[in-house]
Amino acid sequence: GDAIVHTMGVSAEPEVTAHTLDTNDVFVIIATDGIWDVIDSAQAIQIVAGHFARATAQEGLSAAWDVCDAATVLATTARRRWESLSPMVDDITAVVVDVRPHMREFK
């Protein structure tokens with residue numbers, strides 16, 4: 001379908017942002033435009049960081065947290081926003097990656 005919808009402005013070219021991880025980073029969000037069209041990056045960070053804070057509040061910052069649940073919260077929030085704006089809902093996919101275990105490699 002990409003060939004047909006390309007004439008209407010749909011592109012398979014991703015928008016990519018580079019960021020060098022440091023020890024302050026906790027997670028990375030990878031998502032489709034169905035997320036980014038209704039949630040800006042600051043809001044997405046706030047949603048996932050809030051989930052992280054609630055999940056780790058009792059056991060401390062080194063505790064494991066459910067990144068799949070965080071991605072679901074983000075996707076659900078996007079879907080609700082789409083539904084309040086339009087009868088059409090764009091594709092919505094979100095992946096949250098906990099980068100803290102990988103930061104040990106950089107220390």
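One-based numbering along the sequence shown. Treat the numbers as computed from the prediction; the structure is a model and nothing was measured. The figures that follow rest on heavy atoms only: side chains count, while hydrogens, waters and symmetry mates do not.
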Exercise. Determine whether Val67 and Trp65 make a side-chain contact, defined as any pair of heavy atoms from C-beta on separated by less than 4.5 Å.
Key: yes
Practice problem: Can you see which heavy atom on Thr56 is nearest to which on Phe52, and at what distance? | Solution: OG1-O, 2.8 Å
Practice problem: Could you check if a side-chain atom of His19 sits within less than 4.5 angstrom of a side-chain atom of Asp25, using non-hydrogen atoms only? | Solution: yes
Quiz item: How would you list, by chain and number, every residue that makes a salt bridge (Lys or Arg N to Asp or Glu O under 4.0 Å) with Asp98, sequence neighbours excluded?
Solution: Arg100
Self-check item: Listed partners of Arg54 passing salt bridge (Lys or Arg N to Asp or Glu O under 4.0 Å), at least two apart
Solution: none
Practice problem: Specify the closest pair of heavy atoms between Val73 and His51, including all atoms of both residues, with the distance to one decimal. | Solution: CG2-CD2, 4.0 Å
Quiz item: Any idea which heavy atoms bring Asp22 and Asn24 closest together, and the distance?
Solution: OD1-N, 2.7 Å
Quiz item: Of all residues at least two apart in sequence or in a different chain, which pass the side chain to side chain donor-acceptor pair (under 3.5 Å) check with Asp33?
Solution: none
Self-check item: Interatomic spacing from CZ in Arg80 to CG in Leu85 - rounded to 0.5 Å
Solution: 14.0 Å
Quiz item: Any salt bridge (Lys or Arg N to Asp or Glu O under 4.0 Å) pairs touching residues 82-92, not counting sequence neighbours?
Solution: Arg79-Glu83
In a table with atom names and distances, give each donor-acceptor pair under 3.5 Å that connects a side chain of residues 35-43 to protein atoms at least two apart or in another chain.
| from | atom 1 | to | atom 2 | distance (Å) |
| --- | --- | --- | --- | --- |
| Trp36 | NE1 | Ala31 | O | 3.1 |
| Asp40 | OD1 | Ala42 | N | 3.1 |
| Asp40 | OD1 | Gln43 | N | 2.8 |
| Gln43 | OE1 | Asp40 | N | 3.0 |
| Gln43 | OE1 | Arg81 | NH1 | 3.3 |

Quiz item: So, the side chain of Thr32 versus the backbone of Thr93: is there a donor-acceptor pair under 3.5 Å, distance only?
Solution: yes
Self-check item: Test side-chain contact (heavy atoms from CB on, under 4.5 Å) applied to Gln46 - qualifying residues, sequence neighbours left out
Solution: none
Practice problem: For residues Ala94 and Ala71, report the shortest heavy-atom separation together with the two atoms involved. | Solution: O-CB, 3.4 Å
Practice problem: Look only at the side chain of Trp82 and the backbone of Gly34, and say whether a donor-acceptor pair between them is shorter than 3.5 Å. | Solution: yes
